[in-house]
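Everything on this sheet refers to the single structure shown next.
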Amino acid sequence: MCGIVGYVGFRPASAVILDGLKRLEYRGYDSAGLAVKANGRLEVLKRAGKLSVLAEALASHALPGSLGVGHTRWATHGAPTDPNAHPHLTEKGDIAVIHNGIIENYLPLKEGLLARGHTFSSETDSEVLAHLIEEKYRGDLAEAVRLALSEAYGAYALVVAHRDHEEIVVARTVSPLVIGLGEGENFVASDVPALLPYTRRVIFLHDGDMAIVTREGVAVTDLAGNSVEREVVMVDWSLEAAEKGGYPHYMLKEIYEQPRVLENTLGGRLQEAGVTLGLGLEPTRYDKVHIVACGTAYYAAWVGKYLLEALARVPVEIEVASEYRYRDPVVDGKTLAICISQSGETIDTLEAIREAKRKGAGTLGVINAKGSSITREVDDTLYIHAGPEIGVASTKAYIAMLAAMAMLAVWMGRAKGTLEEKAVRELLAEMRRLPRLVEETLEQRPHIAHIAEKYHQAQDYLFLGRHIQAPTAYEGALKLKEISYIHAEAYPAGEMKHGPIALIDERLPVVVLATHSPFYEKTVSNIQEVRARGGRVIAVATEGDTEVGKFAQDVIYVPKVHPLLAPVVSVVPLQLLAYETAVCLGRDVDQPRNLAKSVTVE
Ligand code: HGA
């Protein structure tokens, strides 16, 4: 959360910052601001609202200078107003501070600062850092930042500029920061997409790192000022991959990228009669698995549970990370704790996996972003290779997580001896077909757009699915809520009669995952129960099914696939249904209200 860009070099800093912030706007879009250093002054411009408001203000108020810092905000402390936007300046205007995270002891710090005569101009926790740094400053900016941080605790990616210094000082604990290396210029950002037009050479700062960034170079230290070596990593994400490429929204582009994403996730890993994952962990050491994740990744965890239990016959517990970490979970050395996260920065997930590790579990991250915090803390990482995901509502990362979990289950099943070679060959053959099947499913878009149009006035939606399609129902409901703001509930189909059936009337569209599976007949019975009460059914069914159409008002057909892989294909129409509904309602698909991507606050 929060987009951060810092620049020191020879280009106009405001243009680099604005361009970078545009590429990071998915991280927060309550307000935006920047500070640029010119002629020994820090000039600041900040505005509530989306980045376009700041861009407009900048068009009539140029900020010349080639050193600057900028921010897009996702508010935690204080409403999204102009004064609360970052950067925060000291009263004398000599120090500008940008912050991502939460300073947990900001209240006592603020009281002390007020008592010592400081005046605050915002309600944010972040502003205390500007005043603290000012108090500590004796001519050495990095030293002042270090001293200030020794009094603050919480999470921060901190970026500081001073009007007398040709440098940017940065520090991180918990919240991510990456430095981009150029020639005669260097960059700072909270995520890689901001850097892609300028450089592929990056340094991912670790927890507790600080850095002094100048035109000539970067010096990384720990918070005590001792120099530390950090690897320079080449990132392989292309610039086009992080741009819209002619699509009206990132989300739609990412939905259409899914066949290629599946090729990347699966490609090179599927062998004739097994799966090569390049993991060091030894599956036979573990007798139970815990999977932790948040949001969409949690539904991938749920699908993963069914896959691992079916194929590797290992008991699996799944839990949302924010609950897991606080409930003293029963973990031992025979527990494999898996965490799933697109960004690899999700703070709840990171803390949950740390908790499992502390208790002796082996740890595995299923992650998209290379070099991210979680990948540095777990014993092993299985990358999903989805490329940059910019749309706030996750699509292609979800499908890649599902494919990764399927491979993991086959791999563990083989290692544990619970899977016959014949069954493996069959599954692998099905997995190889997935990119093509998703491609075919995308052809349903016009039909799905028609259904979305028909039901877009609905106040509520219900999603039902059984067994491994229950998480698909939940993911479908989540997508709809996130981008259309229509209230949607999901239930395992068999649970409907235990309560939610009371909701059914002729105004309620009910999406039922009724694909080919051993539970197909039971699901068709659920469809009939909905119809008997006047509900309107939108079924997702397998091509060639002639039954479901007799009971459902609308049917979306998806290609036939092994039932354990059905979620990969079936989620696609639900993503499109959410997308088309949001478009019908005129919603901001890529920047839905109140949300932000890469959730780095608790
Ligand atoms: N606490 C700060 C920064 C918020 C943030 O990092 N969001 O992701 C604020 O509220 O401005």
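Start at 1 and go down the list; that is how both ligands and their atoms are numbered. Given the structure is predicted, the values throughout are model-derived calculations rather than measurements.
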task: Dump the intermediate steps for side chain to side chain donor-acceptor pair (under 3.5 Å) on Y198 and D19, then the final yes or no.
output: CA-CA 11 Å; Y198 310 101; D19 176 60; 3.0 Å; yes

Any N or O of [X] that comes nearer than 3.5 Å to an N or O of ligand 1?
X: I102; result: no
X: H86; result: yes
X: H99; result: no
X: H77; result: yes

message: With heavy-atom distances below 4.0 Å as the criterion, list the atoms of ligand 1 near R73.
response: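 Those of ligand 1 that fall under 4.0 Å from R73 are 9 (C), 10 (O), 11 (O).
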
- prompt: By number and element, which atoms of ligand 1 are closer than 4.0 Å to a non-hydrogen atom of D125?
  reply: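 Selected atoms, number and element: 1 (N), 2 (C), 9 (C), 10 (O).
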
query: Just one of V44, L18, L63, V69 clears the side chain to side chain contact (heavy atoms under 4.5 Å, CB included) bar with L34, so which one?
result: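 Testing L34 for a side chain to side chain contact (heavy atoms under 4.5 Å, CB included) against V44, L18, L63, V69 leaves exactly one candidate, L63.
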
message: Below 30° counts as parallel, above 60° as perpendicular, anything between as tilted: where do the rings of H165 and Y137 land?
response: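 Aromatic pair H165/Y137 classed perpendicular.
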
query: Heavy atom under 4.0 Å from ligand 1: found in S126's side chain, backbone, both, or neither?
result: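 The answer is the side chain of S126.
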
query: Please walk me through it: do Y579 and H249 pass ring pair (Phe, Tyr, Trp, His ring centres under 6.0 Å)?
result: CA-CA 10 Å; Y579 175 80; H249 299 100; 5.5 Å; yes

- prompt: Checking side-chain contact (heavy atoms from CB on, under 4.5 Å) for the pair E254/Y247: CA distance, chi angles, key distance, verdict?
  reply: CA-CA 9 Å; E254 289 163 3; Y247 286 90; over 6 Å; no

task: Walk me through it: do E167 and L141 pass the test side-chain contact (heavy atoms from CB on, under 4.5 Å)?
output: CA-CA 9 Å; E167 66 187 21; L141 184 60; 3.6 Å; yes

